[in-house]
Amino acid sequence: MFDIILRYLYGFAKIHLRGIHINRFVNLCKARDIKLWNLEQKEDEIFFFTASKDIARLEEPARKTGSDVEVLRVYGIREFIRKNKKRIPFVAGFILFAVLIYIQSLFIWEISVSGESDYTSDEILQHINEYYVQTGTPKSKVDCAELEKNLRKDFEDIAWISCALTGTKLSVEITETLNVFTDTSMKEPCNIIASQDCTITEIVTASGTPVVKAGDDVKKGDILISGAVYLYDDNNEVLDTNYVSAEGTVYGICVYHYKDIVPLSCYSKEYTGNEKSYYSFGAFQYSLTPYVPKCSFEAYDLFSDTSRLHIGKNFYLPFQIEAYTIKEYRLKKETVSMEAAAASVKEKLSRYIGNLQEKGVQIIENNVKITNSGDECLAEGDITVRQLIGIPHELQIISEEQTLE
């Protein structure tokens, strides 16, 4: 194997020789230490291989034996480079491109948030960028499990969160408290906790240990069903503890405070149709804006749309184009009647209640009152509901060593 590698490094050739003194030719080559291999003789001709450096030395044995020597093909790295020297820049460029793509694949170049409701994706993205992960962060420094734990602490209304690295993209999927009325399961060991303050009306445990009962008042975050299952001996002492994914159905009576104000007069934006556009080009953490138009608008909004270069669905690159649009507007004063304001308030309240009912909430009592004052219409009060309030939460397992400490 090593000899084959050396032959390709130094080069070798396939030779075709014609003559009537072939045996003498071979003996003369052997006497001059010219190595021949893979000899194949057919009557008055022979095929063999020899080193590239020995091709010229074959002329003397061929002349003495009256033989004709023909070089059929030359092999080796040098010959390959000689034949493809015009393609070397292309090959080198391709290799360099592949190396750069590999290097970029080691970093995060896109962060996306989905599933938000009360929070906005921009709000969560800004928080992630400020405290945890920014674009350009090495993937090896990102711990998805740790990021999930930190975000649950920072955003109290996030009941469930999942972070995943795919390609060069960090995907953050969240479910807020008000949306978790049916999903009360996790694959990992967990507790079922209260999503908000309430009075328990019903609890059915599928797995785990129930901690509360119907009629108990609980606070947000209290454990309802524990993922710790205790095994007792005959003396009613804890023999062992198993940790499971707690599952169950827990209903509670909750109170939502509702408030909405509709002013009788307000200002709204009226876009004039005058607008200007410009572009910015970004690479890594740098950006270049070749031209920014002069803006003489007294009042305007600036809109931006970012497009990041990517290969496939999840392999993003550190190159982007940002399109900016400046739109002029005028402030227009609008005045509504008290009847119209009251109708708007009632419509918003009805939509709010309808959204709760779509999520499986049962409305028990609606104490929202609509009042009119000189310059506004106010809707304020409490809505009492019955709903599923149990949500999964990570269970902290305490080992025996930690207990002893």
Side-chain angles (χ1 to χ4, degrees), residues 77 80-81 83-117 119-152 154-155 158 160-176 179 187-188 275-293 302-327:
I77 294 178
F80 176 81
I81 294 175
K83 288 184 176 180
N84 298 278
K85 60 183 178 181
K86 293 183 178 180
R87 301 178 183 175
I88 289 178
F90 172 78
V91 175
F94 179 81
I95 294 175
L96 179 61
F97 175 77
V99 171
L100 290 176
I101 289 295
Y102 172 73
I103 293 174
Q104 301 312 316
S105 70
L106 303 177
F107 298 85
I108 293 174
W109 297 115
E110 177 72 5
I111 303 174
S112 69
V113 176
S114 61
E116 72 283 355
S117 178
Y119 296 106
T120 65
S121 59
D122 290 339
E123 182 181 0
I124 297 175
L125 277 175
Q126 183 178 355
H127 185 81
I128 293 174
N129 288 325
E130 185 175 353
Y131 295 102
Y132 303 114
V133 182
Q134 300 81 34
T135 54
T137 300
K139 292 162 61 175
S140 59
K141 294 185 178 181
V142 178
D143 186 340
C144 288
E146 186 68 19
L147 179 59
E148 292 172 3
K149 187 183 299 182
N150 290 332
L151 290 177
R152 277 196 294 267
D154 298 340
F155 296 92
I158 292 182
W160 178 86
I161 185 167
S162 174
C163 300
L165 277 173
T166 308
T168 59
K169 180 179 180 181
L170 172 63
S171 300
V172 180
E173 184 180 355
I174 68 173
T175 301
E176 297 179 16
N179 293 329
K187 294 181 180 179
E188 299 80 12
E275 58 183 53
K276 296 182 179 181
S277 301
Y278 64 95
Y279 297 89
S280 178
F281 304 92
F284 298 94
Q285 305 299 327
Y286 305 96
S287 62
L288 172 65
T289 306
Y291 169 74
V292 178
L302 178 63
F303 299 90
S304 65
D305 183 22
T306 302
S307 298
R308 188 177 291 274
L309 181 64
H310 58 93
I311 302 173
K313 185 178 180 180
N314 296 310
F315 197 95
Y316 285 81
L317 299 174
F319 306 103
Q320 64 184 30
I321 299 176
E322 291 183 282
Y324 294 93
T325 303
I326 304 172
K327 293 186 177 182

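Here, residue 1 is the first one in the sequence, and each next residue gets the next number. Hydrogens, waters and symmetry mates play no part in the numbers below; they use all other heavy atoms, side chains included.
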Partners passing side chain to side chain contact (heavy atoms under 4.5 Å, CB included) against [X] (at least two apart in sequence or in another chain):
X: S162; value: E148, W160
X: P293; value: K276, Y278, Y291
X: Y102; value: S105, L106

Margin query: For residues 165-175, which residue pairs pass the salt bridge (charged side-chain N to carboxylate O under 4.0 Å, His left out) check, not counting sequence neighbours?
Written below: none

Item checked: Listed once per pair and sorted, the salt bridge (charged side-chain N to carboxylate O under 4.0 Å, His left out) pairs that draw on residues 278-289, sequence neighbours left out ->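 Passing the test, one end in residues 278-289: no pairs.
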
For the atom pair [atom1] ([X]) and [atom2] ([Y]), what is the distance rounded to the nearest 0.5 Å?
X: L170; Y: L147; atom1: CG; atom2: CG; value: 6.5 Å
X: I128; Y: E130; atom1: CD1; atom2: CD; value: 12.0 Å
X: K149; Y: C144; atom1: NZ; atom2: SG; value: 13.5 Å
X: C163; Y: I174; atom1: SG; atom2: CD1; value: 10.0 Å
X: E123; Y: F155; atom1: CD; atom2: CZ; value: 5.5 Å
X: D154; Y: I161; atom1: CG; atom2: CD1; value: 9.5 Å

Flag if over 12 foreign heavy atoms under 6.0 Å of [atom1], [X]:
X: Q126; atom1: CD; value: no
X: Y279; atom1: OH; value: no
X: F94; atom1: CZ; value: no

Contact between [X] and [Y] at the side-chain level, heavy atoms closer than 4.5 Å - yes or no?
X: I101; Y: I311; answer: yes
X: D305; Y: T325; answer: no
X: I111; Y: Y132; answer: no

Note to self: So does V133 get a backbone contact from the side chain of K141, meaning a donor-acceptor N/O pair under 3.5 Å?
What the structure shows: no

Margin query: Checking Y131 now: which residues fulfil ring-ring contact (aromatic ring centres under 6.0 Å, His included) with it, not counting sequence neighbours?
Written below: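 ring-ring contact (aromatic ring centres under 6.0 Å, His included) check on Y131 returns H127.
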
Show me the side-chain donor-acceptor pairs of residues 314-324 shorter than 3.5 Å, one per line, residues at least two apart or across chains.
from : atom 1 : to   : atom 2 : distance (Å)
Q320 : OE1    : R308 : NH2    : 2.8
E322 : OE1    : Y324 : OH     : 3.3
E322 : OE2    : T306 : OG1    : 3.3
E322 : OE2    : Y324 : OH     : 3.3

Margin query: Which residues pass the side chain to side chain donor-acceptor pair (under 3.5 Å) test with T289, not counting sequence neighbours?
Written below: S280

Check: For T168, what residues pass the side chain to side chain donor-acceptor pair (under 3.5 Å) criterion, not counting sequence neighbours?
Finding: none

Notebook entry, point to check: What is the minimum heavy-atom distance between Q104 and W109, and which atoms define it?
Noted result: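 Scanning both residues completely, I find the closest heavy atoms to be O-NE1, 3.1 Å.
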
